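Worksheet: one structure, shown below.
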Amino acid sequence: MLPAPRLGDRTLFPALAARAYLAHAALSPPSAPLRASVDAHLDALATHGAGAFGGAVAQRERVRTKLASMINASVREIALVPNTSLGVTHVAMAFPWKPGDRVLLFKGEFPANVTPWQRAAALFGLDIAWVDADLARTDPERFLAAVDAVCAGGVRVVAVSAVQFQTGLRMPLRELSERAHRVGAALCVDGIQGLGAVPVDVERDGVDAYAAGGHKWLMGVEGAGMLYLRADLARTLRPHLAGWLSHDDAFGFLLRGPGLLSHDKGFRDDAGLVEGGTPSAAGYAALEASLDVLLGLGVANVYAHVNAYLDGLEAALVERGFRSLRGANAGQRSCILGTIPPTHDAPWWSKELADRGVMTSCPDGVLRFAPHWPNDLARELPAVCDAVDSAREESPSP
Ligand SMILES: Cc1ncc(COP(=O)(O)O)c(C=O)c1O
């Protein structure tokens with residue numbers, strides 16, 4: 001029997017080598033309950049083969065229900081997709097475009113929510129407008145004015161990350177959806193840098209589509225993510241990318257045939273439209289265990305725990321000459337602390353800290369600290385400070 005998860009307690013990660021693991025914005029290590037859940041799935045497969053299929057299907061239905069409850073959506077609005085990029089791609093390819101439609105993208109964003117729209121622009125004759133994402137951090141009013149200016153010229157989709165991957169800036173989703181909806185546009189969000197640790201409410205924030213891989217803040221494994229599609233948006237989509245599971249009653253001919261195999265069946269009119277083929281049963285066995293932990297702890301509690309950790313860490317780093325890129329007010333904050341180091345570049349620091357047992361990541365020239373619910377400030381801050389001080393002492397200037 002595994003111990004119950006507790007904020008700040010990493011007992012459920014017995015193999016984790018780092019003294020302070022602060023790279024959840026890159027990849028989460030698997031917890032003991034996750035490993036037990038994957039083992040149970042593989043045991044069932046090893047024992048029963050195809051007889052384990054029904055159990056895996058039921059597990060995926062539970063995963064959908066849990067994801068829906070985490071973001072305040074309904075079950076039929078959740079599709080299981082392998083990663084963020086494919087989730088966004090499904091929306092970009094299936095959207096009911098007209099040539100000349102415009103998409104608003106944000107400069108400096110992670111490409112997962114940019115490339116699919118650029119491909120859609122090339123294929124469907126769309127125009128792209130850009131606003132600088134970091135303006136939302138440095139000058140929120142000018143940022144919204146720039147968005148207003150684009151919307152005034154007409155736009156069909158506003159595509160944004162919930163959280164910027166390098167600065168950790170939480171984007172003003174509600175303000176963006178209000179502006180998008182006023183001109184009849186949809187708000188499509190890349191949610192991977194928040195979902196699981198930052199509270200999400202797609203209803204409150206007016207989000208129309210929300211895609212997230214499962215291997216960061218959801219603490220699942222790679223290849224098992226999700227896509228939320230608001231019911232009325234799903235009904236307008238065209239099945240440009242579709243497979244056998246995109247149809248109504250896709251399993252009928254396998255389970256209740258004969259006479260049910262047909263090649264002119266209708267397509268689903270809910271999020272399931274995008275689930276064209278067999279998903280990763282092991283991946284969703286992992287995700288269910290992780291969702292149980294996160295929902296049990298409460299995402300709002302995880303968020304508060306991580307931000308208390310980041311308050312202490314930020315102060316210690318600023319004292320040591322690091323420049324914090326954290327948002328000035330609580331609404332701009334996620335669970336990521338991006339910093340610009342005082343000496344050397346971010347990859348140098350990330351390596352030096354890793355050598356001293358502090359795991360960070362360094363995307364786009366930013367040294368990124370990303371703790372999650374098992375991290376404990378009192379235990380780990382001395383390790384981080386020692387690592388920073390000793391790296392600096394041994395190599396004082398570039
Ligand atoms: C904002 C953001 N979106 C998407 C991804 C990854 O996309 P995918 O799930 O398609 O691999 C990352 C990081 O890997 C990211 O930081």
Side-chain angles (χ1 to χ4, degrees), residues 22-29 63 67 71 78-93 105-120 131-134 136-137 157-173 176 187-198 200 207 209-228 241 274-275 279-280 283-284 286-287 290 306 325-327 332-339 346-347 350 359-372:
L22 299 168
H24 290 277
L27 196 62
S28 276
V63 167
L67 286 166
I71 67 171
I78 304 293
L80 303 182
V81 296
N83 51 51
T84 321
S85 302
L86 199 56
V88 176
T89 295
H90 277 296
V91 187
M93 290 300 134
L105 302 179
F106 295 89
K107 276 192 205 135
E109 291 230 310
F110 195 90
N113 202 16
V114 173
T115 308
W117 304 106
Q118 290 174 313
R119 288 307 300 143
V131 168
D132 183 4
D134 202 39
R137 185 177 64 90
V157 164
V158 176
V160 72
S161 295
V163 170
Q164 294 303 319
F165 72 104
Q166 64 292 70
T167 60
L169 175 72
R170 186 138 58 109
M171 298 301 273
L173 295 187
L176 288 172
L187 180 68
C188 297
V189 177
D190 167 348
I192 195 172
Q193 286 298 3
L195 186 60
V198 177
V200 176
V207 174
Y210 189 101
H215 56 283
K216 297 182 191 284
W217 301 96
L218 280 173
M219 300 181 98
V221 294
E222 295 113 313
M226 59 79 73
L227 171 67
Y228 157 78
L241 297 176
V274 309
E275 291 182 18
S280 165
Y284 289 105
L287 190 57
S290 173
V306 171
L325 301 175
R326 204 162 170 223
Q332 294 178 308
R333 293 179 173 182
S334 64
C335 290
I336 292 174
L337 169 61
T339 66
S350 196
M359 201 66 194
T360 62
S361 49
C362 55
D364 201 22
V366 168
L367 184 64
R368 185 173 66 176
F369 298 85
H372 209 321

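All values derive from a computational prediction rather than experimental measurement. Both counts, for ligands and for their atoms, begin at 1 and track the order of listing.
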Output a table of donor-acceptor pairs, distance under 3.5 Å, between side-chain atoms of residues 210-227 and any protein atom two or more places apart or on a different chain; print 'none' if there are none.
{"from": "Lys216", "atom 1": "NZ", "to": "Ala25", "atom 2": "O", "distance (Å)": "3.0"}
{"from": "Lys216", "atom 1": "NZ", "to": "Ala26", "atom 2": "O", "distance (Å)": "3.1"}
{"from": "Trp217", "atom 1": "NE1", "to": "Gln193", "atom 2": "O", "distance (Å)": "3.4"}
{"from": "Trp217", "atom 1": "NE1", "to": "Gln193", "atom 2": "OE1", "distance (Å)": "2.8"}

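Using modelled atom types, no side-chain atom of Thr89 and backbone atom of Pro116 make a donor-acceptor pair closer than 3.5 Å. Counting only distance, with no hydrogens or angles, the side chain of Glu275 and the backbone of Leu80 share a donor-acceptor pair below 3.5 Å. A donor-acceptor pair under 3.5 Å links the side-chain atoms of Glu109 to the main chain of Ser161, judged by distance alone.
Listed by chain and residue number, the protein contacts of ligand 1 are Asn83, Thr84, Ser85, Phe110, Ala112, Phe165, Asp190, Ile192, Gln193, Lys216 (heavy atom within 4.0 angstrom).
Listed by chain and number, the residues in a side chain to side chain donor-acceptor pair (under 3.5 Å) with Ser85 amount to none (sequence neighbours excluded). Asp132 is linked by a side chain to side chain donor-acceptor pair (under 3.5 Å) to nothing, counting only residues two or more places apart in sequence or in another chain.
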